[in-house]
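Below: one structure, written as structure tokens.
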Amino acid sequence: MGRDELLRRSLVVLAAAVVVTGLATASLRKAAATYGFGILAIAGVLLPDWEFFDRDFSQWLTPMPASRRTAAAAAAEREHDVWK
């Protein structure tokens, strides 16, 4: 299952949870809190580009090259560059 499909499914599940919470508690505030917490949780798990943040902190402001490497390959390359 791709990331897009997982994002769509999690948003549908969140919508169902918000409706159930709103109907069960008859509270718009609790339904809104459920929605806000759910969106933050989904965004925290699914949206970050972990390959981008796995680089050295000083490289976060520079764009990644078009050919995306694995973190292990990038770390091995950095290790060899240190000794040159």
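Worth saying up front: this structure is predicted, and the values here are computed from it rather than measured.
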Non-hydrogen atoms of [X] and [Y] that approach each other most closely:
X: Lys30; Y: Thr21; answer: O-CG2, 4.0 Å
X: Gly22; Y: Ala31; answer: CA-CB, 3.9 Å
X: Gly38; Y: Leu14; answer: CA-CD1, 3.6 Å

Practice problem: Just jot down the side-chain contact (heavy atoms from CB on, under 4.5 Å) partners of Leu11, sequence neighbours excluded, or say none. | Solution: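 Testing Leu11 for side-chain contact (heavy atoms from CB on, under 4.5 Å), a comparison that skips the adjacent residues, returns Leu7, Ile39, Ile42.
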Quiz item: Are Val45 and Tyr35 co-members of a hydrophobic cluster defined by side-chain heavy atoms under 4.5 Å apart?
Solution: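 Hydrophobic grouping puts Tyr35 with Val45.
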